Number of protein chains: 2
Amino acid sequence: MSVSAIRKERERTAREELILLHGRRLLLRDGYQNLNLDELARAIEYSKGTIYLHFATKEDLTLGIATRALRERANLFQRAALFKGSTRERIRAIGFSCCEFAVSHRDYFHVEMMLKSVSFWEKASTERRQAHGLEAGRCFHSISGIVEDAIRSGDLPSHVTRPAEVVFSLIATTMGSHIAAIQPELQLLCGIQDPITPVRRNQDIVCDGWGWKPLSGDWNYAATDARIRAEIFPDAQWLNNS
Amino acid sequence: MSVSAIRKERERTAREELILLHGRRLLLRDGYQNLNLDELARAIEYSKGTIYLHFATKEDLTLGIATRALRERANLFQRAALFKGSTRERIRAIGFSCCEFAVSHRDYFHVEMMLKSVSFWEKASTERRQAHGLEAGRCFHSISGIVEDAIRSGDLPSHVTRPAEVVFSLIATTMGSHIAAIQPELQLLCGIQDPITPVRRNQDIVCDGWGWKPLSGDWNYAATDARIRAEIFPDAQWLNNS
DNA sequence: AAACATATTGACGCACAGTCATTATTGGTG
DNA sequence: CACCAATAATGACTGTGCGTCAATATGTTT
């Protein structure tokens, strides 16, 4: 009775996993608009009705996939936050992990982009919205903790009193840089070669702008990057030898 | 013959205007997904087929509206670039105009957001893509000119050699800040009150980060804002009394 | 006025999200 | 094992809306 209920629950979870797995694949291949739930049903070898036992709408499904993406990102951030060094080095590790995510979880990264649209969220269920908020909170706190340390230690100037402002500018700039860097128009006009270098530079600019010591001109951050890679992301594939 | 052809062309243009006008209204009211071309046809009192004589697809129509938005933005930028003052004050005028656009052309601003999605562009026609690129170029050059002046005059440090990098960081940060500021999740976590203040602060942070003199701490930019408003945007409604 | 050219239409085809009556499976009971 | 709920899974069906195109209307030339 109770035993079989537990098994049922496990099977249900496994199937949701299966849906999310193939959903991500198709979403990445076709984009949100062309994601076909009949095809998804065929791929997972269940009927379309079964998908709707898990997800209320197509948006809900997409949000579910995006939350997985965000969880993965939060995991990376958490690992990066453990990096030993100055606060500025530690925030750099977060910036590094953000690019690591964009590169090694390219599919997840693209799914996240879809949620920026305003009208996307209205059809999503409350539970999935909350689940998403939870992972967003994890990301926020990984960054916020470092900023608070920087204020305490004096690495950030004393007039910086609200850590959330610094966190916001870092998130906004990073997000904006990622998006801008893949716009064909801007690539051409600004001479963007690869999508990572400008993101990391802008992170540096923002930290410098807040007066976060040691400033990028006063420290060899290339060496820090090498340490971050070696100690936190030994599998990182992308090379940012600027 | 040639006379009537000219009249035809004028009528065609007027009708395209009409489509774009109502299209913008419905797009803003319903969002891209729920924009209904049958309803649009009813609104303009032409048949749906006629819409398709002007626009190849729904995406193409939306892009047409977005290009109008961008043209309006480029106009604002051009006006702002004429502001008399230091280069840093002039780039501030651009930042001001960017927020002015987001506030007073809120509808256009929201349409622009829709284009950030990757899969949007693939169905757009070449001509409309080019038209969009043209307006984007106008925006770029308004900003770029000021940055070049700043490099020449020494307001930006001599190690800044590529103006496009500075332009990119300004655009990316501003765009990212606008998007981030309307994400409910981030509003909550970062304590965002209004959508404009954080955008302008981040623009300041980035300029400071590049070492653009006079730094925000060394100059009364609130006074500059007052001048910008008085001289360039006398009709600006939003108040940013920070 | 007739013939021709061009402009406009809206009913239709089709793809696909979401539903729900029907069918299959499971697990408990005598 | 046979029977009977209760629960799970299905896929044919419906509604919606984009995009098309044969049919119709309007304009122009001779």
Side-chain angles (χ1 to χ4, degrees), chain A residues 1-19 22-23 26-27 29-65 114 117 119-125 128, chain B residues 1-19 22-23 26-27 29-65 114 117 119-125 128:
Chain A
M1 178 51 198
S2 177
V3 176
S4 73
I6 289 173
R7 197 197 65 218
K8 284 280 174 60
E9 189 49 39
R10 197 176 53 231
E11 283 171 2
R12 192 189 147 79
T13 308
R15 196 171 55 184
E16 186 147 323
E17 216 58 42
L18 188 71
I19 297 173
H22 285 268
L26 296 178
L27 199 57
R29 197 192 64 187
D30 304 331
Y32 173 72
Q33 291 222 53
N34 299 319
L35 172 62
N36 186 326
L37 294 192
D38 284 299
E39 185 179 358
L40 177 57
R42 240 175 290 128
I44 61 173
E45 294 178 314
Y46 280 98
S47 75
K48 192 160 59 161
T50 303
I51 295 176
Y52 279 88
L53 294 175
H54 290 263
F55 302 96
T57 63
K58 191 174 155 180
E59 284 90 346
D60 215 44
L61 167 64
T62 308
L63 179 55
I65 295 167
M114 296 177 188
S117 154
S119 63
F120 186 90
W121 292 80
E122 48 200 31
K123 285 183 187 168
S125 60
R128 292 209 180 268
Chain B
M1 177 52 197
S2 176
V3 176
S4 74
I6 289 172
R7 196 197 64 219
K8 284 282 174 57
E9 189 49 38
R10 196 176 55 232
E11 283 171 2
R12 192 190 146 80
T13 307
R15 196 171 54 183
E16 186 147 323
E17 218 57 44
L18 188 70
I19 298 173
H22 285 267
L26 295 178
L27 198 57
R29 197 192 64 188
D30 304 332
Y32 174 73
Q33 291 223 52
N34 299 320
L35 172 62
N36 186 325
L37 294 192
D38 285 296
E39 184 180 358
L40 177 58
R42 241 175 291 130
I44 62 173
E45 293 177 315
Y46 281 97
S47 75
K48 192 159 61 161
T50 303
I51 296 177
Y52 279 88
L53 293 176
H54 290 263
F55 302 95
T57 62
K58 189 174 157 181
E59 284 90 346
D60 214 43
L61 167 63
T62 308
L63 179 56
I65 296 166
M114 296 176 189
S117 153
S119 62
F120 186 91
W121 292 81
E122 50 199 30
K123 285 183 187 168
S125 61
R128 294 213 177 265

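Computed from a prediction, not measured in an experiment: that's the story for all the values here. Order of the sequence lines fixes the chain letters, A, B, ..., with proteins taken first and strands second; residue numbering starts at 1 for each chain.
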Counting any heavy atom closer than 4.0 Å, what does B/Leu35 reach on the DNA or RNA strands: base, sugar-phosphate only, or nothing?
sugar-phosphate
B/Asn36 side chain near D/dC18 phosphate (N/O to OP1/OP2, under 4.0 Å)
yes
Expressed in angstrom and rounded to an integer, what is the separation of B/Ile51 atom CD1 from C/dT8 atom C1'?
12 Å
Check the distance between D/dC18's P and B/Tyr32's OH and give it to me in whole angstrom.
9 Å
Applying salt bridge (charged side-chain N to carboxylate O under 4.0 Å, His left out), can you list everything that pairs with B/Glu11, at least two apart in sequence or on another chain?
B/Arg7
Tightest non-hydrogen contact, residues B/Leu35 and B/Gly23, listed as CD1-O, 4.4 Å
Taken to the nearest whole Å, NZ/A/Lys123 to P/D/dT16 is 13 Å
Expressed in angstrom and rounded to an integer, what is the separation of B/Gln33 atom CD from D/dC18 atom P?
11 Å
Rounding to a whole Å, what distance do you find between B/Lys58:NZ and D/dT20:P?
15 Å
Only counting residues at least two apart or in another chain, list the ones meeting side chain to side chain contact (heavy atoms under 4.5 Å, CB included) with B/Ala56.
B/Asp60
Results of ring pair (Phe, Tyr, Trp, His ring centres under 6.0 Å) for A/Tyr32 - residues two or more places apart only
A/Phe120
All pairs passing salt bridge (Lys or Arg N to Asp or Glu O under 4.0 Å) where residues 48-58 of chain A contributes a residue, at least two apart
A/Asp38-A/Lys48
Apply side-chain hydrogen bond (donor to acceptor under 3.5 Å, both in side chains) to B/Glu16 and list each qualifying residue two or more places apart in sequence or on a separate chain.
B/His54, B/Arg128
Within this structure, what is the CG-to-P distance between B/Leu37 and D/dT20, rounded to whole angstrom?
12 Å
Rounded to whole angstrom units, what separation is found between the CG atom of A/Asp30 and the C1' atom of C/dA15?
14 Å
Output the rounded distance in Å from CD (A/Glu59) to C1' (C/dA17).
10 Å
Can you tabulate the close N/O pairs, meaning under 3.5 Å, that link protein atoms to atoms of nucleotides 8-13 of chain D?
residue, atom, partner, partner atom, Å
D/dA9, OP1, A/Arg15, NH1, 3.0
D/dA9, OP2, A/Arg15, NH1, 3.1
D/dA9, OP2, A/Arg15, NH2, 3.0
D/dT10, OP2, A/Ser47, N, 3.0
D/dT10, OP2, A/Ser47, OG, 3.3
D/dT10, OP2, A/Thr50, OG1, 2.5
D/dT10, O5', A/Ser47, OG, 3.4

